Amino acid sequence: MNSNKPVIVIGNEKGGCGKSTTAMHLIVGLAMNGLRVTSIDLDVRQSSLSRYMANRRAYCEQLGKTLPMSEHYTGSKVTGEDEPNPNSSDEKAAERLTLLIEGALANSDVVVIDTPGSDTPLSRLAHSMADTLITPVNDSFVDLDVLGHIDARRRQVLGPSHYAEMILDIRQNRSAQGQKPLAWYVLRNRVGQLDSHNAQDVEWALGEMSGLLTFSPVHGFSERVIYRELFLVGLTILDLREASGGKPLSPSHIAAREEVANLVKLFSTPN
């Protein structure tokens, strides 16, 4: 795809790792920086990002406010169906997604795509069209197993797992076609506030895997209840100052804003 505008895919073949939360905060942060953002939710069944967006629109309508957001498209816009249908034409859905991304690139500055926690044809297509891939993982070896097989006793990474193998295949295909290399970031989410042996082991494993799989480990969002609470009203950490009516933020909220701001800054800069 010939475009200098980035397509950012949030992907991982595992649910519950914070993909939609990451996508929403990135979308809002980029929009706050003055970028025109188009977002696409390919998870037709869960539709977490679409529901987050709907909650945000409802908040604005109820209070008569205007908040930064994206031009958003649900998964049903791509599939043509409200529910996943095993008999639907993957070819037609793939054509719709390709046209949607191409149209979005013509009318916006960046495209952010949230994918389901499973291997689907549309998810694979989105990954293949990405310039930047962000893979959120929880701070546990259960999540890291999606990336690589680890021998904890010998402290060795034995090789890539199924999801990483897909990314390696996509990279190989892009290289063969003379396309720009895919920039891959693994976002370490739900990090505990206290240091632990598990956290140290996860950090070691990510360091080992980053060399093997050629990705950049990035600190994501710490474990904070506020992230789950904000979903219900469609707000992000970046909206807290406006939502608080000018009241001072707590030290925890300030730290959370800093986490998100650092993430947005990283992906606001062209690779």
Side-chain angles (χ1 to χ4, degrees), residues 6-23 25-26 29 112-115 117-119 123-124 126-176 179-223 258-271:
V7 175
I8 301 175
V9 167
I10 318 295
N12 188 347
E13 288 181 18
K14 184 182 182 302
C17 58
K19 290 193 298 295
S20 297
T21 299
T22 300
H25 279 77
L26 182 59
V112 178
I113 305 175
D114 191 19
T115 60
S118 58
D119 183 9
S123 180
R124 282 182 173 251
H127 279 70
S128 71
M129 298 179 74
D131 301 293
T132 299
L133 171 63
I134 303 174
T135 299
V137 294
N138 289 327
D139 212 38
S140 75
F141 282 98
V142 174
D143 276 33
L144 294 190
D145 191 62
V146 178
L147 302 177
H149 300 298
I150 300 170
D151 186 329
R153 184 174 62 84
R154 297 181 180 178
R155 290 180 68 83
Q156 291 181 344
V157 178
L158 304 179
S161 191
H162 55 282
Y163 180 71
E165 287 175 347
M166 181 186 77
I167 306 307
L168 295 176
D169 288 342
I170 288 173
R171 280 178 157 170
Q172 187 175 20
N173 291 336
R174 291 172 69 96
S175 177
Q179 295 180 335
K180 179 182 176 182
L182 173 67
W184 187 12
Y185 299 85
V186 173
L187 194 72
R188 189 178 172 191
N189 269 345
R190 298 196 173 120
V191 180
Q193 300 298 310
L194 300 177
D195 196 11
S196 66
H197 289 299
N198 176 75
Q200 294 172 11
D201 289 343
V202 168
E203 184 173 358
W204 162 81
L206 278 175
E208 292 292 308
M209 286 185 184
S210 66
L212 174 68
L213 302 176
T214 317
F215 63 72
S216 300
V218 179
H219 181 79
F221 305 151
S222 299
E223 180 61 52
E258 189 67 20
E259 288 176 346
V260 176
N262 289 337
L263 185 70
V264 173
K265 182 179 180 181
L266 175 63
F267 296 109
S268 295
T269 304
N271 296 307

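Source: prediction; values computed, not measured.
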**Report entry** Whether Asn138 side chain and Gly16 backbone form a donor-acceptor pair below 3.5 Å
**Finding:** yes
**Report entry** Over all atoms of both residues, closest heavy-atom pair of Ala130 and Leu182
**Finding:** O-CD1, 3.5 Å
Query raised in the report: Counting only N and O atoms by type, is there a donor-acceptor contact under 3.5 Å from the side chain of Asn12 to the main-chain atoms of Pro136?
Result: yes
**Report entry** Stepwise side-chain contact (heavy atoms from CB on, under 4.5 Å) test for Tyr185 and Leu263
**Finding:** CA-CA 11 Å; Tyr185 299 85; Leu263 185 70; over 6 Å; no
Query raised in the report: Got a second to check how far Leu266's CG is from His219's NE2, nearest 0.5 Å?
Result: 13.0 Å
Query raised in the report: Short question: side chain of Asn189, backbone of Gly220 - any donor-acceptor pair under 3.5 Å?
Result: no
Requested in this report: Please report the C-alpha distance between Val146 and His162 in whole Å, then the side-chain angles of each, then the deciding distance to 0.1 Å, and finally whether the side-chain contact (heavy atoms from CB on, under 4.5 Å) criterion is met.
Outcome: CA-CA 7 Å; Val146 178; His162 55 282; 4.1 Å; yes
Query - Ile10 side, atom CD1; Thr132 side, atom OG1 - distance, nearest 0.5 Å - result: 9.5 Å
Query raised in the report: Would you find a donor on one side and an acceptor on the other, under 3.5 Å apart, between the side chain of Ser161 and the backbone of Asp145?
Result: yes
Requested in this report: For residues Glu259 and Phe221, report the shortest heavy-atom separation together with the two atoms involved.
Outcome: OE1-CA, 3.6 Å
Report task. Measure the CG-CE distance between Leu212 and Met209 for me, rounded to the nearest 0.5 Å. Result -> 8.5 Å
Query raised in the report: Okay, side chain of Lys19, backbone of Lys14: is any donor-acceptor separation there less than 3.5 Å?
Result: yes
Requested in this report: Could you go through the side-chain contact (heavy atoms from CB on, under 4.5 Å) check for Trp184 and Ile167 one step at a time?
Outcome: CA-CA 9 Å; Trp184 187 12; Ile167 306 307; 3.7 Å; yes
**Report entry** Pro160 vs Leu168 side-chain heavy atoms within contact, under 4.5 Å
**Finding:** yes
Query raised in the report: Between the side chain of Asp143 and the main-chain N/O of Val137, is any donor-acceptor distance below 3.5 Å?
Result: no
Query raised in the report: Yes or no on side-chain contact (heavy atoms from CB on, under 4.5 Å) for Tyr163 and Asp119, after CA distance, side-chain angles and deciding distance?
Result: CA-CA 8 Å; Tyr163 180 71; Asp119 183 9; over 6 Å; no
Query raised in the report: Counting distance only, does the side-chain N/O of Ser175 pair as donor-acceptor with the main-chain N or O of Gln172 below 3.5 Å?
Result: no
Query - Residues in salt bridge (charged side-chain N to carboxylate O under 4.0 Å, His left out) contact with Arg171, at least two apart in sequence or another chain - result: none
Query raised in the report: CD1/Ile170 to CE/Met129 distance, rounded to the nearest 0.5 angstrom?
Result: 11.5 Å
Requested in this report: State whether the side chain of Asn262 and the backbone N or O of Glu258 hold a donor-acceptor pair below 3.5 Å, judged by distance alone.
Outcome: yes
Requested in this report: Say whether, by atom type as modelled, one donor and one acceptor occur between the side chain of Thr135 and the main chain of Gly11 under 3.5 angstrom.
Outcome: yes
**Report entry** Heavy-atom pair with the smallest gap, counting every atom of Ser20 and Asp114
**Finding:** OG-OD2, 2.7 Å
Report summary line: Heavy-atom closest pair (Val9 atom, Ala126 atom, distance to 0.1 Å) is CG2-O, 3.4 Å
Query raised in the report: Taking atom CD of Glu203 as the centre, does the number of heavy atoms from other residues, nucleotides or ligands within less than 6.0 Å exceed 12?
Result: no
Query - Contact check, side chains of Ser210 and Val186, non-hydrogen atoms, under 4.5 Å - result: no
